[in-house]
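To start, the structure under review is shown below, and the notes come after it.
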There are 2 protein chains.
Amino acid sequence: MDTANDLFKKLTFFPEPEFREELLKHGQVVSFNKGDVIVKDGQYVKFLPIVLKGAIRVFQQKEDREILLYYVKAEETCTMSLAAAYFNNKSTSHGVVTEPTELLIFPSSLIDQWQLKYPSWNKYVMHMFRRRYDELINSFEGIVFDHIPHRVLEYLKRKGLDENTKTVHISHEHLARELGSTRVVISRILKQFERDKKIKLFRGAIELL
Amino acid sequence: MDTANDLFKKLTFFPEPEFREELLKHGQVVSFNKGDVIVKDGQYVKFLPIVLKGAIRVFQQKEDREILLYYVKAEETCTMSLAAAYFNNKSTSHGVVTEPTELLIFPSSLIDQWQLKYPSWNKYVMHMFRRRYDELINSFEGIVFDHIPHRVLEYLKRKGLDENTKTVHISHEHLARELGSTRVVISRILKQFERDKKIKLFRGAIELL
DNA sequence: TCAGCTGTGTATCTTTTGATACCGTGTGGA
DNA sequence: TCCACACGGTATCAAAAGATACACAGCTGA
């Protein structure tokens with residue numbers, strides 16, 4: 001079992017000794033459980049998180065639907081929070097923990113100094129921005145070009161790989177939210193997949209064949 | 001009539017004298033005409049552009065359709081180029097000039113130094129990333145939630161505002177590309193708008209009422 | 001144990017969008 | 001002048017996705 005300190009040590013992409021000292025000095029390790037809300041739309045971002053373990057689901061809410069932006073996973077940070085913190089803006093997104101999660105959090109006020117002082121941080125930030133942008137383009141592409149059945153299958157496969165399992169635990173309702181569709185449509189598609197022997201359906205779970 | 005030097009002077013958001021000197025020393029002003037290709041998918045990005053006047057349309061191409069990412073307008077830079085240059089990656093997008101355009105271009109190799117040396121550049125980069133990301137989210141939202149007619153109207157209104165005119169010069173075909181749809185669909189929708197007295201159609205142009 | 005909630009299956013209907021095809025009508029250049 | 005080509009109108013057909021409604025099963029807490 002890793003301690004928070006072990007996890008911290010894994011952040012090897014910040015090599016500058018001086019920086020690592022600062023990270024330790026100002027950083028604070030905090031734990032969250034599934035469902036905990038990290039940030040809400042409209043709040044100022046006082047702390048910037050780096051995920052040590054677990055995942056944060058970041059999304060925007062419009063009327064009754066939501067737009068999934070990305071998941072912040074181990075070693076990553078939340079670019080929406082980063083930008084909001086950097087510019088002292090309110091958050092425009094929600095961040096919710098989806099599994100037991102440990103975060104390393106820093107006062108937002110440090111960010112702009114780090115940007116100038118530590119090349120590795122600078123690179124890290126650029127990398128995260130680039131990555132999030134590419135992810136969003138990908139989703140975008142998916143919506144524009146691919147039909148929902150295709151996207152459903154993609155989602156399930158990726159989730160299966162990520163969690164290294166053949167059984168994905170998710171409700172049709174939730175799956176619909178992830179893909180920006182509605183429950184009935186997803187149920188219909190999944191049932192067809194089951195008839196095609198591509199998956200097997202259970203209450204709250206889907207087995208990949 | 002502004003000279004390129006006048007235009008350069010407008011970049012007041014880079015106040016550091018030392019930085020301005022460097023900008024002048026390494027920067028080069030180049031002109032392009034409508035249709036000129038600035039970057040292509042697969043090319044290395046050797047120069048980073050800041051638009052002084054005009055606009056660059058940045059998009060990705062997949063099979064026969066394209067995804068519009070953004071327009072780089074005056075005082076802006078192209079984040080895709082920036083990221084590609086920073087990481088020495090090949091470009092994954094195309095950039096094409098859509099009107100007579102003047103660019104200030106810099107050798108890509110300078111970017112990471114600037115990031116650390118000049119706070120104003122750092123802020124500028126963060127700002128651009130933030131902005132592009134928000135733009136993409138907006139398009140995303142549009143596609144997920146809004147029907148095409150709504151998006152067509154939005155597009156026309158915004159374009160009308162941008163160019164301070166009631167008559168937008170664009171073909172149905174081109175409009176379809178901008179919105180990721182097809183010509184027939186757009187023609188159908190526009191015709192309906194005309195019947196509803198929302199617009200008036202001309203060959204190659206649309207008047208807003 | 002029973003009420004109520006969540007999760008799922010399914011039918012019906014409508015709307016939206018896309019695909020294809022065909023036909024005009026300007027327009028600019030040979 | 002005439003032809004090729006870009007532009008635009010429209011009809012027809014099909015597919016995709018959403019909305020709504022209803023039924024029923026499993027689970028959970030009072």
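Throughout, a chain's letter reflects where its sequence line sits, starting with A, and its residues are numbered from 1.
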Whole-Å distance between [N] [atom2] and [X] [atom1]?
X       : N       : atom1 : atom2 : value
K191(B) : dC7(D)  : NZ    : P     : 17 Å
H172(B) : dG8(D)  : NE2   : C1'   : 6 Å
E194(B) : dG8(D)  : CD    : C1'   : 11 Å
I170(B) : dG8(D)  : CD1   : C1'   : 14 Å
Q192(B) : dT10(D) : CD    : C1'   : 13 Å

I67(A) CD1 to Q61(A) CD distance, which is reported to the nearest 0.5 Å = 10.0 Å
Salt bridge (charged side-chain N to carboxylate O under 4.0 Å, His left out) against R130(B), all qualifying residues, sequence neighbours excluded | D134(B)
Under the salt bridge (charged side-chain N to carboxylate O under 4.0 Å, His left out) test, which residues partner K166(A), sequence neighbours left out?
-> none
Tell me, please, which residues at least two apart from [X] pass side-chain contact (heavy atoms from CB on, under 4.5 Å).
X       : result
K90(B)  : Y44(B)
R183(B) : H172(B), E173(B), S187(B)
K40(A)  : V37(A), Q43(A), H94(A)

Hey, does L190(A) reach any base, or is it just sugar-phosphate, or nothing, if we go heavy atoms under 4.0 Å?
-> nothing
Contact state string [nucleotides 15-25 of chain D, B base, S sugar-phosphate only, - no protein heavy atom under 4.0 Å] = -SBBBB----B
What residues form a side chain to side chain donor-acceptor pair (under 3.5 Å) with S120(B), not counting sequence neighbours?
-> E16(B)
Tabulate below the donor-acceptor pairs under 3.5 Å that side-chain atoms of residues 147-159 of chain B make, not counting sequence neighbours, or state none.
{"residue": "H150(B)", "atom": "ND1", "partner": "D146(B)", "partner atom": "OD2", "Å": "3.1"}
{"residue": "R151(B)", "atom": "NH2", "partner": "L179(B)", "partner atom": "O", "Å": "3.2"}
{"residue": "Y155(B)", "atom": "OH", "partner": "E178(B)", "partner atom": "OE1", "Å": "2.8"}

Partners passing ring pair (Phe, Tyr, Trp, His ring centres under 6.0 Å) against F106(A) (at least two apart in sequence or in another chain) | W114(A)
Y133(B): ring pair (Phe, Tyr, Trp, His ring centres under 6.0 Å) partners, not counting sequence neighbours | none
Which nucleotide of DNA chain C is the first, and which the last, in the 5' to 3' direction, to come under 4.0 Å of a heavy atom belonging to chain B?
-> dT16(C) to dT27(C)
Donor on one side chain, acceptor on other, E22(A) and Y118(A), under 3.5 Å | yes
If each end axis of the helix from dT1(C)-dA30(D) to dA30(C)-dT1(D) is fitted on five C1' pair positions, the angle between them, to 10 degrees, is 30°
